[in-house]
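First listed ligand is number 1; within each ligand, the first listed atom is number 1.
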Amino acid sequence: MGLSLSTLDTVPRESRPPALPGDLTPGIVHIGLGAFHRAHQAVYTQAAGGWGIVGVAPRSRDVLDRLRAQDGLYSVVTVDGDGSRADVIGVHCGLLHGGSDPDAVVAAIADPRTRVVTLTVTEKGYRLDAAGNLTVDEGLRAELTGAAPPLSTPGALVRGLLAREAAGAGPLAVLCSDNMRGNGARLRGMVTQALGVAGRGVPAGISFPSAMVDRIVPATTSRTLDLAHTALGVPDAAPVTAEPFMQWVIEDDFPGGRPRWERAGAILTDDVAPWESMKLRVLLGVHSGLAYLGALAGVETIDRALSLPGMVDLMERLIRDDIAPTVTPPPGVTVVGYGAQALHRFANPALGHRTLQVAMDGTQKLPYRLVETIVDGRRAGLPMELAALVLAAWMRFTRGTADDGSPLPLNDPLADRLRGGSTVDELLAIEEVFPPVLREDREYVARVEHWLGALESGGAADTVKAGHG
Ligand code: CS2
C-alpha cells in the first residue's frame, strides 16, 4: 500500500500534513501541477493554513492520476549535503484534468469560493513574445470565442473569468508563479488581449499581482522515490525533490483575500521589481550560463558544471562586472552577496539538477535572464564581456552537439528556427528573442563571434579555464 489517507497514520508524525484535503475549502485554483508548484506554492499554502487548492493539470495526466490514487497526497523531499527530509503535502482538495474536462476548470474558476487563481505553466504557456504580444492562432481564437473547448491557458482563463462575471462570483486575484519580468503586468496583458479576441474587457474586481518565486526543484528521479519511501515508510508515487532554500515575494493585491502566506516566510510588498530583477538576472542568468557551458563540456549537472576549473571565478566576475551594474537590489541586500548565495545553492551536490533541464526553452528564458541585462549594460557603456560568452554558449548549444561530438537535445518552441548552425547575426535576427539594438551593436556582435569561435576551437571547459577572451 502506498501513501494515502489510509496509510498516513503510519508515516512519521513529523512528516504528516497539519490538515487533510477534505478539511480544506477550495479557495485557490492552480493551473499547472508541475514539480515547482508542488514544492513551492503548495508548501507555503499548507503552512499558511485554511485554504485548499484545486489543482489543474492542463495536458499530461500522469502526475494527476498518481495524486488522485494517493487522495491528493505527495511528499516534498528536501535535500542538501547533510541529508534529506520528507514532508507530506495535503493541500490539494481538488484535482482536474484540463485536457479532458475543460468545463470543470471553467466552473472552478467561476466558483465564488475561489478567490485566487495561480499559474505555473512555464514561460511558453502564456503564448507571449518578448514584447508581451499574444500569439493568436485559429485554434486559440476558437477557444476564446467559445467555438472550441478552452484547452489552453489563455482559453481557460478567459472562459473562466467570463463565467465568473456572469455568475457574479466576486473579486479575484490572478497570480503568475512563473519566471517572467513584471509577470503580473504580462499576465494582465495576455488576459486583456485574449478577452479582446472574445470582444470583451477584463471584468471588474480582477487583480494581477506580480510575484517573484524561487526554489530549485529538479525533476523527480528514482532517487527521489527511494528517499521518499525510506523517510515515509510507504512508497510515494508522486514525490518532488527540492533544495532547502525557498523564497516568495508577492505584490499584496488580493481583492478577494488570500492565505496568510507570510506565516511561512513569504514577503508581501507593494514593489516586487527589485526582488524580481535580482532573481531573474543574477540567479537565473548564472543558472543558464552554467547550463550551456556545462552541457557543452559534457557535464550532466549544475553542481558539476560549477566545479569545472575556473567556473566559480568566471561566474563571480559575470555577477560583479556585468550583472550587478544593471540591478538595483532590494533594501539590505547586495548583488554580490546574493550572487555568492546563488553559487552556494548551485553547488548543492544532492540536487542533481540536470544542465539540460535548465538549458531547455532558451528562447523563452534568455530575454529576461540575459538579453535585457546585456542591452542595459551596453546602453551604460559596459563591455558585458562574460555575458557575451554566455550568449555565445547558448548559440553553440543550439547547434546540437557537445564538445565531444555527443548530441545535445534542443527542446525549444523555436527549435526549427534555431537548428542548422546559424550565424550570430542570423540568431540575433530572431526578434521574438533579441531586440534590433543588439544586432546593431556591431562591436558587441564581434565579441559574441569571438567567444563563439573560442568555444568552437577550444571547447567550453578550456574556454572557462582560460577565463578571458
Ligand atoms: C531553472 C529554474 O529550469 C530552469 O530554467 O533555472 O527552474 C530555477 O531552478 C528556478 O527558477 C529557481 O527558483
Check ligand 1 for N or O atoms under 3.5 Å from a protein N or O and list each pair with its distance.
from     : atom 1 : to   : atom 2 : distance (Å)
ligand 1 : 5 (O)  : K365 : NZ     : 2.7
ligand 1 : 5 (O)  : R369 : NH1    : 3.4
ligand 1 : 5 (O)  : R369 : NH2    : 2.7
ligand 1 : 6 (O)  : H287 : ND1    : 2.7
ligand 1 : 6 (O)  : R369 : NH1    : 3.2
ligand 1 : 6 (O)  : R369 : NH2    : 3.3
ligand 1 : 11 (O) : N179 : ND2    : 2.9
ligand 1 : 11 (O) : K279 : NZ     : 2.9
ligand 1 : 13 (O) : D214 : OD1    : 2.5
ligand 1 : 13 (O) : R215 : N      : 3.0
ligand 1 : 13 (O) : R215 : O      : 3.4
ligand 1 : 13 (O) : K279 : NZ     : 3.0

R61, CZ atom: more than 12 neighbouring heavy atoms under 6.0 Å:
yes

dist L455:CG -> H450:NE2 (nearest 0.5 Å) comes out at 9.0 Å

Q) So, are R258 and E262 salt-bridged, with charged N and O less than 4.0 Å apart? A) yes

Salt bridge flag under 4.0 Å for residues R16 and D87: no

By ring pair (Phe, Tyr, Trp, His ring centres under 6.0 Å), F254 pairs with (sequence neighbours left out) W261

Using ring centroids (six-membered ring only for Trp), state whether H353 and H287 fall under 6.0 Å. yes

